[in-house]
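Since the structure comes first, as structure tokens, the remarks are kept for the end.
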Amino acid sequence: MVTMRQAPPRDEDEGIGLSPDDLQTLQEIERRVLWLSTLMVHHANNVRANPDKPTKVGGHQASSASVVTVMTALYFRFLRAGDRVSIKPHASPVFHACQYLLGRLDKKYLTMLREYGGLQSYPSRTKDPDPVDFSTGSVGLGAVAPVFAALAGKYAELKFGSVTSDRYIALMGDAELDEGNVWETVAEDAIQGLDNVIWIVDLNRQSLDRVIPGIKADRLKRLFAGAGWEVLEAKYGTSLESAMNGPNGAALRDRIDTMSNEEYQALIRVKDGSDLRRRLADVADRGKRQAILASVQDIPDDQLQTLIGNLGGHDLPKLLQILDQADRIDNGPVVIFAYTVKGYGLAFAGDPLNHSQLLSNSQMEDLRVQFGIAEEDMWSPLEEESPAGSWCARVASGLARPTTAVSLPPDAVPAELETRHPGQTSTQEAFGRALLRIGEIPRIGERIVTMSPDVATSTHLAGWINKAGVFALEETRDFEGEAKRMLRWTPSPRGQHIELGISEMNLFMALGQFGLTEELAGQPLIPIGTVYDPFVCRGLDALIYSLYIRSRMIFAGTPAGVSLSPEGGAHQSTVTPSLGIELPNLLFYEPAFGREVDWVLLEALRQCCDREDGLSTYLRLSTKPIEQSLMDEPLARLGEQEMRRQVLAGGYRLVDRSVSASDIPDKDVIHIAAGGIMIPEAVEAARKLQEEGVAANVINVTSANRLFAALRTARRAQLKDAKSSLDLGQLETLIPKDERRAPIVTVQDGASHSLSFLGSVWGVPVVPLGVDEFGESGARQDIYRKVGIDADQIVNAGLLALELVDS
Ligand SMILES: Cc1ncc(C[n+]2csc(CCOP(=O)(O)OP(=O)(O)O)c2C)c(N)n1
Ligand SMILES: [Mg+2]
């Protein structure tokens, strides 16, 4: 059985404090919201010129209508200034209609739904003109975002005393609960106990293609309750409930409770009262049949359809009462199942195929007449002097947002970290060491919050966790007592590490929301996550979401590639460098040395502090030990400052033939461009090639992402203005003028495609080496040999490259 929680009684004013007049006013607002949201979609499709005909503009009138009552209850009664709300994707017109009536959206946008520069198809925090808290569109993601935002808000409040946010609310479609990521969040331990999260499920029993078969709602409720959530429902509206509580009402309740979704959906579309009565009583048991008929005998035929369709999700008093109840539950996230009708109030209400249907011109006209809206007032807000108009103005002033109180300037980040890296170390170890130093930076250290999906120790966060502690909303007892332990793992509100269950989706959702705490809760935080690199793909959708919403975060994908050889194919990442190069709003680095890790991390922090132009940063790291002295010569040659600049700009010449093989003629020069951890093999290959009379420069590609960006930026500038400078930024430095005819061998512990673009910069042959097959277990050198990235094969590739130039 699902536990239906009873909220504690209030001392005074039991109920929601709505007078009959108030209710009428809210119902008028509700009608206007329905009208405007329907009209916006109608205008975009049937009135505005569409240059892409016959492709339709789209927009979802039925999905929108489904939530007009819930949205009215929220925006015109329930919400407070600090509340942050996520709106299901297809209700974007309803959201904008509400914002317009609240005076937060200019009228001109109402006719610009899905138009360039206008209102986005789905709520977008970066592109919409009105205040969208959470972008939605990819179902399931926007739904869970407020949960992690609430966790971030609580974290910030516990650490820094005050936040500008209050409650976190998500209004989602019922089919969103089909997405696995939703359940990964529901079950996540780290979010248990959040007392300011309310989910509202728009239970219209319809998705895109169909009426969802079976009575699924009970199963869903049990799943939530089993995961520790409080479950409430707004199932039946006040009039249907009173019929169910009246004479013979139990039979009516039982009949509706047990009928299939498909049958109910068909029933509420029956207009003819006597037909509806007959179908309602269509049960085998004679006694039951008579009781059902008796329960509705006093309802006139022309009112029966309204009664049977009177669901809780379209009943303002019921919704407000349940929201109030949810608000008073203080021991965990709450989910409300609001029973609704898709297309509510419109001609195609409840039609299984209504997802993309649009009202016709005449149906729109009927609706206008039904709502008593004058033709010249079609786009008008509610009249200022009217009760509904003044209600909107009063509510709007109560929703005014407090401004962000605190920010971190990028120059709070120092130029250097005093990290001591040993003679041989891996980038993953260096990352763990650097984090300890970062924690000590004044103003910055206290804002760092790390997180990991159950791989904190295996990604070298143990030292940091021992120092910073694990976070929990409340103090916990340490049952290990004096026992010797590797980690200081007694969670408390003072801790700065959040340990998540094994869900890479949750990791990237959490990173994304913690990276927006400055905007959503008025307190900046710098989230840093670790994840095994191949499993970046497992959380990719959430990573893309977090970048799409312009969050600022840092994460390490580690260990990466086939270099962690014995772990085998399932743990070896191959395509991740390409993701790092191609994803917008992301910087991507593959450092080779400890010092490089320090520099990249400091730059990543600066990027997080820069709320205007800053980007997120992805470090692809490895457990492969690397001889740090390989860096001595270029460091001496370039000087520390210049070397740091080049590392951050995308790469530098680690082996420069003018130093190592200046006597070899120009025609026998090649470049080996190696991504991060392939440096030792590239250096060894350069040495062997020199013995063969070939001079090889080794370019340490610290960021293919930065180098490709330099190329792209230059070409785009040239496209716009042929006379613009041909400067290719760091690419110019990496391959100076006199070496631009030399061929290139690229070496990547990842898909070979990721560095192969380097050949196109100066138009020379490239031999791309990398991992283009699924891996297997083995010693590192065995696996390198198998996939063709060991020193000998780099040598062969170099010789081939020279032949390609000659031929
Ligand atoms: C991840 C993802 N998959 C598929 C879609 C396409 N899609 C859009 S709406 C929808 C069904 C939504 O149903 P529901 O959440 O119940 O919303 P309703 O339309 O009933 O309000 C689907 C499958 C999507 N937007 N996102
Ligand atoms: Mg639905």
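Only heavy atoms go into these numbers, but all of them, side chains included; no hydrogens, no water, no symmetry mates. Remember, it's 1-based here, ligands and their atoms both numbered in the order they're listed.
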[X] N/O to ligand 1 N/O under 3.5 Å:
{"X": "K342", "value": "yes"}
{"X": "H90", "value": "no"}
{"X": "S66", "value": "no"}

Of all the heavy atoms in [X], does at least one lie under 4.0 Å from an atom in ligand 1?
{"X": "K88", "result": "yes"}
{"X": "P89", "result": "no"}
{"X": "G137", "result": "yes"}

Report whether any nitrogen, oxygen or sulfur of D202 sits less than 2.8 Å from the Mg ion (ligand 2) (N, O or S, backbone or side chain).
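Short answer: no, not a single N, O or S atom is under the cut-off.
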
Among all protein heavy atoms, pick out the one at the shortest distance from [atom]; state its residue, atom name and that distance to 0.1 Å.
{"atom": "atom 1 (C) of ligand 1", "answer": "E179 OE2, 3.3 Å"}
{"atom": "atom 7 (N) of ligand 1", "answer": "L208 CD1, 3.7 Å"}
{"atom": "atom 16 (O) of ligand 1", "answer": "D174 OD1, 2.6 Å"}
{"atom": "atom 15 (O) of ligand 1", "answer": "G173 CA, 3.2 Å"}
{"atom": "atom 12 (C) of ligand 1", "answer": "A175 CB, 4.1 Å"}

Just to verify, which of N354, D174, T340 counts as forming a side chain to side chain donor-acceptor pair (under 3.5 Å) with Q206?
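Considering N354, D174, T340, a side chain to side chain donor-acceptor pair (under 3.5 Å) with Q206 is found only for N354.
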
Check: F224 ring centre within less than 6.0 Å of W183 ring centre
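Distance test on ring centres: under 6.0 Å, yes.
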
Hey, is K318 close enough to E241 for a salt bridge, meaning N to O under 4.0 Å?
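The answer is yes: the pair qualifies as a salt bridge.
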
